[in-house]
**Q** 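Have a look at this one.
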Amino acid sequence: LFVGSSSFTSWTDVQDYFPHYPIINRGFGGSSLPDLIRYASEIILPYHPKQIVIYCGENDFAIDGNLSPQTVADRFFTLFSIIRKKYKKIPVVYVSMKPSPSRQQLMPKFDAANNLIKVFLKKNKKTAFIDVYHAMLNKDGALRNDIFLKDNLHMNPAGYKIWQKLIQPF
């Protein structure tokens with residue numbers, strides 16, 4: 001089960017990237033972690049998935065640039081708690097917030113919140129943290145512009161190939 005924001009919603013051919021796994025994509029555009037928390041009973045809990053893959057948090061900062069990385073991480077912890085109440089043994093995978101040209105000013109907050117979530121997940125069983133953030137940067141640390149659509153926010157197939165390579169082992 002893939003849940004999260006438009007980076008999942010826009011991945012309309014996700015099944016082609018992972019042909020050996022039946023994927024239900026319940027991402028919805030513009031979603032933030034409070035949205036996933038609010039709608040968990042509709043978009044997560046009814047499915048009895050074998051695994052849950054989450055991409056969310058980026059829009060939290062886009063909606064309110066004054067949020068702290070800790071606040072966004074705490075929102076993820078709340079979502080994780082909701083999932084664990086029903087699904088104690090199902091693997092939960094978090095795909096880190098990605099960098100993007102349209103949100104460069106928020107990248108330090110993305111990176112900081114990603115690190116908080118990564119540390120949290122290391123302390124919990126049956127979890128994984130996938131760092132797409134750093135994989136989407138050049139060797140010199142600059143943002144790759146060739147992996148985004150014209151909106152400079154959503155990825156083109158080259159961007160999703162990066163995600164596929166990182167998600168596949170999980």
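Only a predicted model underlies this, so the values are computations on that prediction, with no experimental measurement involved. The figures that follow rest on heavy atoms only: side chains count, while hydrogens, waters and symmetry mates do not.
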**Q** Which residues satisfy the salt bridge (charged side-chain N to carboxylate O under 4.0 Å, His left out) test with Arg38, sequence neighbours excluded?
**A**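 Salt bridge (charged side-chain N to carboxylate O under 4.0 Å, His left out) list for Arg38, sorted by chain: Asp35.
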
**Q** Let me confirm one number: the CD1-CD1 distance from Ile54 to Ile44, rounded to the nearest 0.5 Å.
**A**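 Rounded to the nearest 0.5 Å, the CD1-CD1 separation comes to 6.0 Å.
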
**Q** Atom CG of Asp140 and atom CG of Leu143: how far apart are they, to the nearest 0.5 Å?
**A**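 Interatomic distance, Asp140 CG to Leu143 CG, rounded to 0.5 Å: 10.5 Å.
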
**Q** How would you list, by chain and number, every residue that makes a side chain to side chain donor-acceptor pair (under 3.5 Å) with Lys165, sequence neighbours excluded?
**A**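 Counting only residues at least two positions away or on another chain, Lys165 forms no side chain to side chain donor-acceptor pair (under 3.5 Å).
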
**Q** Only counting residues at least two apart or in another chain, list the ones meeting side chain to side chain contact (heavy atoms under 4.5 Å, CB included) with Ala158.
**A**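 In terms of side chain to side chain contact (heavy atoms under 4.5 Å, CB included), with neighbours along the sequence ignored, Ala158 is linked to Ile147, Asn156.
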
**Q** Mind checking what makes side chain to side chain donor-acceptor pair (under 3.5 Å) contact with Asp60, not counting sequence neighbours?
**A**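 For Asp60, the residues satisfying side chain to side chain donor-acceptor pair (under 3.5 Å) (neighbours in sequence not counted) are Arg75.
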
**Q** Which residues satisfy the side chain to side chain donor-acceptor pair (under 3.5 Å) test with Ser68, sequence neighbours excluded?
**A**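 Expected list: Thr71.
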
**Q** Distance-only criterion, 3.5 Å: show the donor-acceptor pairs between side-chain atoms of residues 18-28 and protein atoms not counting sequence neighbours.
**A**
residue : atom : partner : partner atom : Å
Asn25   : OD1  : Gly27   : N            : 3.0
Asn25   : ND2  : Phe8    : O            : 2.7
Arg26   : NE   : Tyr47   : OH           : 3.1

**Q** Sequence neighbours excluded, which residues qualify as side chain to side chain contact (heavy atoms under 4.5 Å, CB included) partners of Asp146?
**A**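 If we apply the side chain to side chain contact (heavy atoms under 4.5 Å, CB included) test to Asp146, skipping adjacent residues, the hits are Arg144.
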
**Q** If the condition is side chain to side chain contact (heavy atoms under 4.5 Å, CB included), which residues does Asp16 pass it with, not counting sequence neighbours?
**A**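 Residues passing side chain to side chain contact (heavy atoms under 4.5 Å, CB included) with Asp16: Asp13.
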
**Q** What residues form a side chain to side chain donor-acceptor pair (under 3.5 Å) with Asn59, not counting sequence neighbours?
**A**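 In terms of side chain to side chain donor-acceptor pair (under 3.5 Å), with neighbours along the sequence ignored, Asn59 is linked to Arg103.
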
**Q** With sequence neighbours excluded, what pairs up with Phe77 under the ring-ring contact (aromatic ring centres under 6.0 Å, His included) test?
**A**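 If we apply the ring-ring contact (aromatic ring centres under 6.0 Å, His included) test to Phe77, skipping adjacent residues, the hits are Phe120.
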
**Q** What's the spacing between Phe80 CZ and Thr127 OG1 if we round to 0.5 Å?
**A**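 Phe80 CZ to Thr127 OG1: 6.0 Å, rounded to 0.5 Å.
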
**Q** Who passes side chain to side chain contact (heavy atoms under 4.5 Å, CB included) against Ser10, sequence neighbours left out?
**A**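 Partners of Ser10 by the side chain to side chain contact (heavy atoms under 4.5 Å, CB included) criterion, ordered by chain and then number, come out as Ser6, His154, Tyr160.
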
**Q** Using a 3.5 Å cut-off and no angle test, enumerate the donor-acceptor pairs between side-chain atoms of residues 86-101 and protein atoms at least two apart in sequence or in another chain.
**A**
residue : atom : partner : partner atom : Å
Lys86   : NZ   : Leu45   : O            : 3.0
Tyr87   : OH   : Leu45   : O            : 2.5
Tyr87   : OH   : His48   : N            : 3.0
Lys88   : NZ   : Lys85   : O            : 3.1
Tyr94   : OH   : Cys56   : O            : 2.6
Ser96   : OG   : Ile130  : O            : 3.4
Ser96   : OG   : Val132  : N            : 2.9
Ser96   : OG   : Tyr133  : N            : 3.1
Lys98   : NZ   : Glu58   : OE1          : 3.3
Lys98   : NZ   : Glu58   : OE2          : 3.2
Lys98   : NZ   : Leu153  : O            : 2.7

**Q** In this structure, is the centre-to-centre distance between the rings of Trp163 and Tyr17 below 6.0 Å?
**A**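 No: the rings miss the under 6.0 Å criterion.
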
